[in-house]
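In what follows, a structure is listed as structure tokens, so that the remarks can point back to it.
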Amino acid sequence: MKINTGIVLALDVTDRARAVAVVKAAAPFVDAVKVGYPLVLGAGLGIVTELSKDAYILCDFKVADIPNTNRLIAAEAFKAGAKGIICQAFPGKDSIAAVVEEAKKHGADVFVVTEMSHPGALDFMAKNAEDMARLAASAGATGIIAPATRPERVRALKGLVGSLQILSPGVGAQGGSAKDAILAGADAVIVGRTIYESQEPDKAAGKIAAEIREARK
Ligand code: O7M
């Protein structure tokens, strides 16, 4: 994924028209638009195709199945126009590798979830996050997802994945800050509600972009 502003917009709205309007407003400030189950279940997979004409679409399907099923899911996402996909690490290396193999055919990226940003991630994921990050790197993923709510964990995981990209969710509504995530080593932050619930999504996105520019200095 080409990183410029350092923002991935999490487009968790369920209405097609609203999705299109938010993307139009925020587009100059975002490197990618993350489309997940809320929007695809609300508006259909066609929304990926529609938005992919003007934006890099990262399909957040948190793919977590056996290799063959993972491959089938990834193929449909790429066929619809996605340039990247997100999968889970816990099903194991062969499951991640199946997504990576499919992505290569389409010149697309694969991001692997390690430790999530919500408090419940401490129940299980945090204890296994290092292993999951190593698995992502050894399976040939483009990058990992690590929590902006715990910047010290972003820093620790960064030390394990080297040049892999790190996308960090949890900024704003979940309490994390873009500045802290970037300073900890994230390449980009994933932001949803702070942008799409704003009356002025362009201003909200622009403000975060400015914070990231400042943090990179
Ligand atoms: O900014 P928010 O809190 O409104 O949205 C955050 C987005 O990031 C939302 O789409 C979540 O599903 C996603 N996310 C997390 O919040 N935490 C994680 O640990 C992982 C993700 C994610 O994108 O996983 C790929």
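What you see is a predicted model; the values in this text were computed from it and never measured. Whatever order the structure lists them in is the order used to number ligands and atoms, beginning at 1.
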Could you tell me whether the side chain of [X] and the main chain of [Y] form a donor-acceptor pair under 3.5 Å?
X: T114; Y: A129; answer: no
X: R18; Y: Y196; answer: yes
X: R150; Y: M116; answer: yes

Review point. Applying a strict 4.0 Å limit to heavy atoms, is I190 in contact with ligand 1?
Key: yes
For [atom], the protein heavy atom that lies nearest, with its residue and separation:
atom: atom 22 (C) of ligand 1; result: K62 NZ, 3.6 Å
atom: atom 6 (C) of ligand 1; result: Q174 NE2, 3.6 Å
atom: atom 7 (C) of ligand 1; result: A10 CB, 3.7 Å
atom: atom 1 (O) of ligand 1; result: G192 N, 2.8 Å
atom: atom 13 (C) of ligand 1; result: K34 NZ, 3.7 Å

Below 4.0 angstrom from a heavy atom of [X], which ligand 1 atoms are there? Numbered from 1 as shown, please.
X: D12; value: 9 (C), 10 (O)
X: R193; value: 1 (O), 2 (P), 3 (O), 4 (O)
X: D60; value: 22 (C), 23 (O), 24 (O), 25 (C)
X: P169; value: 8 (O), 14 (N), 15 (C), 16 (O), 17 (N), 18 (C), 19 (O), 20 (C), 21 (C)
X: I86; value: 25 (C)

Review point. What's the shortest heavy-atom distance between A77 and F61, and which atoms?
Key: CB-CE1, 4.0 Å
Practice item. Work out which heavy atom in V112 is nearest to a heavy atom in A136; give both atom names and the distance. Key: CB-CB, 3.6 Å
Check your understanding: If you measure from the Lys or Arg side-chain nitrogens to the Asp or Glu carboxylate oxygens, is any gap between K105 and E102 under 4.0 Å?
Key -> yes
Check your understanding: Salt bridge or not for K217 and E214, using N-O below 4.0 Å?
Key -> yes
Review point. Considering only heavy atoms, which of A173, S117, G36 lies nearest to atom 15 (C) of ligand 1?
Key: S117
Exercise for review: For F124, look at atom CZ and say whether over 12 heavy atoms of other residues, nucleotides or ligands are found less than 6.0 Å away.
Suggested key: no
